[in-house]
2 protein chains.
Amino acid sequence: MTNPGHANKANVTVADFIQIRRGEHLPARIAGQIGKEISEGRIAPGEKLPTEHLLSKTFGVSRSVVREAIAQLRNEGLVETRQGVGAFATDVERRHSIRIEQDNLTDRASFRSLFQLRLPLEIEAAGLAALHHTVEDLTKLDETLGRMSGADKWTDQGIVADLAFHRQVAAATQNEYYLMFLGFVAERIHLAIHAARETAVLEQIVEITIAEHVAIRDAIASGDPVKARNAMRSHLIGAAQRIDLELEIF
Amino acid sequence: MTNPGHANKANVTVADFIQIRRGEHLPARIAGQIGKEISEGRIAPGEKLPTEHLLSKTFGVSRSVVREAIAQLRNEGLVETRQGVGAFATDVERRHSIRIEQDNLTDRASFRSLFQLRLPLEIEAAGLAALHHTVEDLTKLDETLGRMSGADKWTDQGIVADLAFHRQVAAATQNEYYLMFLGFVAERIHLAIHAARETAVLEQIVEITIAEHVAIRDAIASGDPVKARNAMRSHLIGAAQRIDLELEIF
DNA sequence: TCATATAAGGTTATCAGACAACCCTACAAG
DNA sequence: CTTGTAGGGTTGTCTGATAACCTTATATGA
C-alpha cells in the first residue's frame, strides 16, 4: 500500500532507515529495522529488498553485517534469498520456523488461544506416556513430585517443578516432537503468567494441583492411556478455571 | 594445493539420487551439525564451543560461513556468544523458536512421531472449526475441494490443495496458534513425503480421500464439534494406513 | 521469422586476510 | 598483598576479491 513499486530501479527512498550507532550487536539491530519494515507492511510480501551493497551503504556498515542481519531474518522466515537474484520478503504462510513473540501473550485472548492449543497436546501426551514410559521416566516424575510437595513449595522452585513435570510427561512419550512442541508451548504459558505478575496465582495452582499431578503420574504408571488422558484433561481444565480461563471442551 | 572447497569426489554418472545439495546453503548445514551436537548432548549446556577459527578449519569452510552458522544457532537460542570469550551452548529450556531439520524426517520412525503429533492437533482443530467457522471459511473450503476434484487432480495442484484444505480448517478455528503450528507440521509432513518421492502415493491419497475431505467439510459446516472430530480422525487414520503408518489410537 | 545459443551485467555466496574490541590470565612493580 | 599492565586468545567488523547463479539482451543459424 505504501508505494511498493519502486523496488525495481533507482529506489528513491529505501525506507526511513537511520544510520546505526555503534555499541552493541550491529546485525541484530539492523535485522530489527528491516524486520520492522516487513512486519509493518512497508515492504510487501514478495517484494525485493535493496541489495546488500546498497543496504551496507545505507546503514553505514560493512556488507558482512548486512549479510548477518539478512541471515537472521531468513532464519526467522521473514525473508527468502535467491542467489543471483536478491532477497525477498516472504508470505506468512511459508515460514519454516515457529516463533512466538512473548509480547503477544500479554493479550488475554492470545494467551487463551495458546492454552487451547496446549490442551489436546498434553492430553494425547499423557496417553502416549502411559503406553511408552520407562522406569526412568517414572523415577523422574516421582522426584519432581517430591520437589513440588517439598518444603520449598512456595518459592519459584515449585513453579519450575510444575513445568518440569509436564516436560517429563512429554519426554515419557518417547516422541521427540511432543517434547519439542509441548516444552515450547508450556514454557511460553508459564512465562506469560509470570510476566503478568500472577506468580501468586501460579503458586496457588501448584499447591492445589499436587494431588492432580499425582493422579496423572499414577495413571501413566498404570499403563492405561484412557485413564491418563482423563487425568490430564481434568488437571488442565481445573488449572484453566483457576486462572479464570474458559476453554471449550468436547 | 589442499583446497578443501573443491576436494569433491570424482563425478559419478550413475543415477544415484542421494542429495548432493550443492546449493543447500552451507551455513545452514553447519548450523545443523553443530545444533545436533548440542541437542544430542555431545556438547553439554554451558560448555564452550570450538573457536570459529578451529571450526572453519574443521569444516573446511571460511570463517564467514561458520559465523553465519553460529549466528543462526544464537538466533534459535541454542548458543550464546560473548565477545572475546567464545560461544557457549545453552539449556534446551531457553529455546524460543522451534525448528525441524527436514533430514530427520527421512527416518521413518521420526516421520511417524511427527504424524502422531499432528493427529490430536488436527482433530481438535476440526472440533474448534465446527464451532467458530465463518461463512468465508466454508467458502474457501468449498473452493479448495473443487480444486482437489477438478481436472488437475493428478498434478501437484491436487497435493497443494490437500495441504491448503487442512490449513483452512486450522484457520477456521480462529485460533492463530492452530494455524501456526498445524500449518508448520502439516507442511513438514508433506515435504517429507514429497522428498521420499512418494508423490504417486500422495496423489493416490488425494484421490481416495476426496470423499473424506467432503465429510470433514460437512461436519464443520454442521457446527457439531464431535462429528467434525470424528470425521477428521477417520480421515487421518485412513491416510496413515495408506502410507503403511501404524498409529496409536485410543 | 523463430528458436536456440551466447554474451553481458547484476546479485548473492563464499573466501581470505586484516584490524578492532573485548576478555582472561599471568606476572611484574609498588 | 594489591595493583597495573602486558600478552595472547576470541569474537566483532571491515575490506576486497572470486565463484556461482540468474536475468536480459543480442547474435546465430535454420
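Labels below follow one simple rule: chain letters A, B, ... track the order of the sequence lines, proteins then strands, and each chain is numbered from 1.
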Give every pair of a protein N or O atom and an N or O atom of nucleotides 23-26 of chain D that lie under 3.5 Å apart, one pair per line with the distance.
unit_1, atom_1, unit_2, atom_2, d
dT23(D), OP1, R82(A), NH2, 3.4

Return the value, rounded to whole Å, for the distance between atom [atom1] of [X] and atom [atom2] of [N].
X: K57(B); N: dG9(D); atom1: NZ; atom2: C1'; value: 14 Å
X: F59(B); N: dA13(C); atom1: CZ; atom2: C1'; value: 18 Å
X: H53(A); N: dC14(D); atom1: NE2; atom2: C1'; value: 14 Å
X: R29(A); N: dG12(D); atom1: CZ; atom2: P; value: 14 Å
X: L26(A); N: dA20(C); atom1: CG; atom2: P; value: 17 Å
X: E68(A); N: dT11(D); atom1: CD; atom2: P; value: 13 Å
X: F88(A); N: dC22(D); atom1: CZ; atom2: P; value: 12 Å

Has the side chain of Q83(A) got a donor or acceptor that lies under 3.5 Å from a partner of the other kind on the base of dA13(C)?
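Between dA13(C) and Q83(A), which were checked side chain against base, a qualifying N/O pair under 3.5 Å is absent.
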Decide yes or no, distance alone: a donor-acceptor N/O pair under 3.5 angstrom between the base of dG12(D) and the side-chain of R63(B).
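Yes, the side chain and the base share a sub-3.5 Å donor-acceptor pair.
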First of S64(B) and K48(B) reached from the 5' end of DNA chain D, by closest nucleotide:
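In this pair, the answer is K48(B).
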Assess, by modelled atom type and distance only, whether the side chains of [X] and [Y] contain a donor and an acceptor separated by less than 3.5 Å.
X: T134(A); Y: D137(A); result: yes
X: S113(A); Y: E176(B); result: no
X: S110(B); Y: Y177(A); result: yes

Salt bridge (Lys or Arg N to Asp or Glu O under 4.0 Å) involving E68(A) - partner list, sequence neighbours excluded:
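Applying salt bridge (Lys or Arg N to Asp or Glu O under 4.0 Å) to E68(A) gives R67(B), R74(B).
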Sequence neighbours left out, what passes side-chain hydrogen bond (donor to acceptor under 3.5 Å, both in side chains) with S64(A)? Give chain and number order.
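Partners of S64(A) under the side-chain hydrogen bond (donor to acceptor under 3.5 Å, both in side chains) test: none.
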Check every strand shown and say whether T81(A) touches a base, only sugar-phosphate, or nothing at a heavy-atom separation below 4.0 Å.
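Sugar-phosphate, no base atom in range.
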Please tell me which of the listed nucleotides, dT14(C), dT11(C), dC14(D), lies nearest to the side chain of V61(A)?
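Per side-chain heavy atoms of V61(A), the pick is dC14(D).
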Side chain of E52(B) (C-beta onward), nearest among dG12(D), dT14(C), dT10(D)
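It is dG12(D).
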Give a yes or no on this: more than 12 heavy atoms of other residues, nucleotides or ligands lie within 6.0 Å of atom NZ of K57(B).
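Atom NZ in K57(B) is not packed in, count stays at 12 or less.
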For H213(B) and H166(B), I'd like to know if the aromatic rings sit close, meaning centre-to-centre distance below 6.0 Å.
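Yes: the rings meet the under 6.0 Å criterion.
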Would you say a side-chain N or O of R67(B) is under 4.0 Å from OP1 or OP2 of dC15(C)?
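No, no such contact exists.
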